[in-house]
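Below: one structure, written as structure tokens.
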Amino acid sequence: LRIQVRNYSVGVVVITTLLLPAIAIIPMKLFGVIKDYSLSTRHDRIFPLIIVALCYGLCGWMLGAAPELYLLNRMMLTAMLCTVFAMVVNFWWQISLHMTAAGEAVGMLTLFMIVGTPNIVVIYCLLVLLTGLLGSARLYLGKHTPAQVGLGFLGGFLISTLTLLFWL
């Protein structure tokens with residue numbers, strides 16, 4: 001039974017969070033909804049963010065069928081809410097989607113550390129280090145301003161911690 005649940009969860013996550021969004025972006029480019037695959041403008045990000053939010057919601061809904069996957073279901077809810085946050089902010093300002101996702105991951109692992117999840121100190125430290133490097137890279141490449149990087153991280157961190165605290 002555990003192998004079936006694991007295979008189900010991996011399949012659902014891969015299909016709904018990787019394959020569907022990747023496949024959906026191709027017709028957007030072909031039909032001129034987006035200019036290029038880099039999604040470097042606020043306008044180009046709107047429809048892909050809608051698709052990603054829907055895919056995260058679908059993933060969470062599909063994982064909700066298995067009680068063993070409750071935490072993974074909540075993580076998908078968190079991912080969906082972070083995507084919606086980024087999409088709403090995107091109507092006025094282009095925050096860093098990379099840092100929103102990184103903030104989300106750091107927020108989740110911070111909570112896991114607080115509740116005493118064993119053996120994740122090294123993973124947590126590596127994630128914080130990689131998040132700093134990612135933020136620095138976004139600044140170095142001139143893709144975002146410090147405020148866009150900071151708000152992306154802060155938004156992802158707060159949404160993930162609050163979602164997991166109040167809906168866990």
Side-chain angles (χ1 to χ4, degrees), residues 5-6 9-10 12-22 39-40 42 45-46 48-141 143-168:
V5 170
R6 185 196 68 203
S9 61
V10 169
V12 166
V13 169
V14 167
I15 290 168
T16 59
T17 66
L18 294 175
L19 294 179
L20 287 179
L39 306 177
S40 56
R42 286 187 307 130
R45 292 173 160 205
I46 295 170
L49 286 172
I50 291 169
I51 296 295
V52 168
L54 290 173
C55 286
Y56 282 145
L58 175 64
C59 182
W61 177 74
M62 292 176 75
L63 294 173
E68 305 92 336
L69 302 175
Y70 182 78
L71 183 58
L72 191 54
N73 169 282
R74 291 296 160 217
M75 293 168 113
M76 288 299 115
L77 171 65
T78 298
M80 182 184 76
L81 292 175
C82 284
T83 304
V84 169
F85 159 76
M87 182 181 61
V88 169
V89 172
N90 185 69
F91 283 112
W92 294 277
W93 200 41
Q94 185 171 323
I95 65 169
S96 172
L97 300 177
H98 289 86
M99 291 307 292
T100 304
E104 175 190 0
V106 170
M108 281 191 255
L109 278 186
T110 299
L111 283 180
F112 295 161
M113 292 280 295
I114 290 170
V115 299
T117 304
N119 303 322
I120 65 167
V121 174
V122 172
I123 294 169
Y124 183 78
C125 291
L126 285 173
L127 179 62
V128 169
L129 176 66
L130 291 173
T131 298
L133 290 172
L134 176 63
S136 298
R138 302 307 293 163
L139 294 171
Y140 177 78
L141 294 172
K143 298 294 183 182
H144 295 287
T145 66
Q148 292 167 330
V149 167
L151 182 63
F153 177 83
L154 184 63
F157 184 88
L158 290 176
I159 289 169
S160 67
T161 54
L162 293 174
T163 301
L164 290 177
L165 279 174
F166 292 108
W167 280 298
L168 194 57

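Annotation: side-chain contact (heavy atoms from CB on, under 4.5 Å) contacts of Ala101 (sequence neighbours excluded): none. Take Phe91 and apply the side-chain contact (heavy atoms from CB on, under 4.5 Å) test, not counting sequence neighbours, and it matches Ile46, Met87. Under the rule for a side-chain contact (heavy atoms from CB on, under 4.5 Å), the partners of Thr145 that lie at least two apart in sequence or sit in another chain are Trp93, Ala147, Gln148. Every side-chain contact (heavy atoms from CB on, under 4.5 Å) that Ile15 has, sequence neighbours left out, goes to Leu19, Leu20.
Across all their heavy atoms, Thr161 and Leu111 have their closest contact at O-CD1, 3.5 Å. For the pair Met75 and Glu104, the tightest heavy-atom approach, listed with the atom from each and the gap, is O-OE2, 3.8 Å. Closest approach of Pro146 and Leu139 over heavy atoms only: N-CD2, 3.4 Å. Smallest separation of non-hydrogen atoms from Gly135 and Val149: CA-CG1, 4.0 Å. Nearest heavy atoms, Leu134 versus Ala102: CD2-CB, 4.1 Å. Ser9 approaches Leu72 most closely through the heavy-atom pair CB-CD2, 4.1 Å.
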Yes or no on side chain to side chain contact (heavy atoms under 4.5 Å, CB included) for Thr163 and Arg74, after CA distance, side-chain angles and deciding distance? CA-CA 8 Å; Thr163 301; Arg74 291 296 160 217; 5.7 Å; no
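Distance CG/Leu97 to SG/Cys82: 11.0 Å, rounded to 0.5 Å. The distance from the OG1 atom of Thr83 to the CG atom of Asn90 is 11.5 Å, given to the nearest 0.5 Å. Within the model, atoms SG of Cys55 and CE of Met80 stand 12.0 Å from one another, a figure rounded to the nearest 0.5 Å. Here Lys143 contributes atom NZ and Gln94 contributes atom CD; the two are 9.5 Å apart, rounded to the nearest 0.5 Å. Here the straight-line distance linking atom NE2 of His98 with atom CZ of Arg138 works out to 4.5 Å at 0.5 Å rounding. Between atom OG of residue Ser160 and atom CG of residue Leu165 there is a gap of 9.0 Å, rounded to the nearest 0.5 Å.
Here side-chain hydrogen bond (donor to acceptor under 3.5 Å, both in side chains) pairs that include residues 105-116, with residues two or more places apart or in two chains, are Thr110-Tyr124.
For His144, the NE2 atom counts as densely surrounded, since its 6.0 Å shell holds more than 12 non-hydrogen atoms of other residues, nucleotides or ligands.
Of the residues Val121, Thr117, Val128, Ile120, the one that meets the side chain to side chain contact (heavy atoms under 4.5 Å, CB included) test with Leu109 is Ile120.
For the pair Phe157 and Leu162, the minimum side-chain heavy-atom distance is 4.5 Å or more. Side-chain contact between Phe85 and Thr100: present, with at least one pair of heavy atoms (C-beta onward) separated by less than 4.5 Å. Looking only at side-chain heavy atoms (C-beta outward), Met76 and Thr16 stay at 4.5 Å or farther from each other.
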Could you pull out every donor-acceptor pair under 3.5 Å between side chains of residues 56-67 and any protein atom, sequence neighbours left out?
none

